[in-house]
Amino acid sequence: MEPTFRHIDTKAVHAGEPEPRWSGAVAMPIFQTAMFETRVDGDADYHDLRYIRLNNTPNHVVLGKKLAALENAEAALVASSGMAAITTALLTVLKTGDHLLIQDCTYGGTHSFVTHEFARYGMSYDVIDGADPESWKAKLKPTTRAIYVEAIANPVMSVSDLAAAVDFAREHGLVSMIDNTFTSPVNFRPAEWGFDLSLHSCTKYMNGHNDIVAGAVIGRAELVERIRQNLNHLGGSLDPHACYLLHRGMKTLALRVRHQNVSALAIARFLEEHRAVAAVNYPGLIANPHHERAAEFFDGFGGMLSFDLQGGAAAADRMFQRIKLPVIAPSLGGVDSLMTIPARTSHRLLTPDERARIGISDGLVRMSVGIEATDDLIEDLRSALED
Ligand SMILES: *Cc1c(COP(=O)(O)O)cnc(C)c1O
């Protein structure tokens, strides 16, 4: 029997590790081999042949077990990117003729896939206001098969009514799907709330070092297995070396995310008080409209925040010229703090009107708080915002 561990810190280090260890190796070795010898019996199923694309080398298997343990879910798999995980999951849960309910303001790649590609598969969707469950029923169709939400939505850090999404899915026989990238299993474990599928860009907090692209699907075993078989066909497999880096990064997940929770809250409070700042979006702030829901669902408010400066886009550009620690770059969730202007990066594909509707001004700055000392980041922001 697999040993069980009570705390996520211990799971991050020990869950899923091979027993016994390969040749006694303390760190999981990299199995840099495309294929493995076929067992002599010869009647193995196609999906059981061991091959990197079939996501079943020792590196993939160990990661799957660790990921499932982190979210107290039945099963998990890794994929070559967050988008490989998301698109493969959607294309497995839905087929031609099916309809999806998806919250407004999803990750740019997800939004673009659903709005631009769905029609080509004969699938349809409706956008729902994640914070207003009363309005969802009006969008339900006989062909609706799934509801899709994000734990914390980029870049205004909105929090949908996650418990209502699970209840709604159960009541209407839908698959409940959540993108849990921004919260990570440290702050939110979807399976504990009844979600069927949790999706991750492991490029972000899971790996946490800004050095690989990877994805994960975590959830009910029967669904994860169907997604795995589809992933085997679509080909989004993670290379063993990237598996190794993800595995190594995940060992410090709990330490990193807890530091980022504390640091981001302190930075959000600092910005909230600063006269050059017009508004701060962070669900940990009491004044934030999503605070109550976030406090109900999450163990921490995460490392992501965004803010508008009084001087708009010009003031943001000026701050970017002066700031020293955060790197001006897209993406998030790693040890290095990053800053970006979503209107120019993640939400560039939206029209200006679409951006305005979801609260993204041209000068909105998003910050991914890394693991630098909080005081150093605050001092850096203070001097970059000086008159
Ligand atoms: C980055 C991101 C993705 C896409 O992940 P990739 O690893 O870049 O493919 C999906 N969802 C969210 C919330 C993200 O931040």
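This one's a predicted model, so the numbers in the text were calculated from it and none came from an experiment. What you see below is based on every heavy atom in this structure, not just the backbone, and it leaves out hydrogens, waters and symmetry mates. Whatever order the structure lists ligands and atoms in, that order sets their numbers, starting from 1.
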Rounded to the nearest 0.5 angstrom, the OG-CG distance for Ser176 and Asp196 is 3.5 Å
Where do Ala276 and Leu385 come nearest, in terms of heavy atoms and distance?
CB-O, 4.3 Å
Spacing of CG belonging to Asp126 relative to CG belonging to Leu101, to within rounding of 0.5 Å:
6.5 Å
For the residue pair Phe307 and His274, is the inter-centroid distance of their aromatic rings smaller than 6.0 Å?
no
Distance under 4.0 Å, heavy atoms only, partner ligand 1: which residues pass?
Ser81, Gly82, Met83, Ile86, Tyr107, Asp179, Thr181, Phe182, Ser201, Thr203, Lys204, Val213, Ala214, Leu332
Quick one: do Arg269 and Glu273 make a salt bridge, cutoff under 4.0 Å?
no
Got a second to check how far Thr340's OG1 is from Asn154's CG, nearest 0.5 Å?
9.0 Å
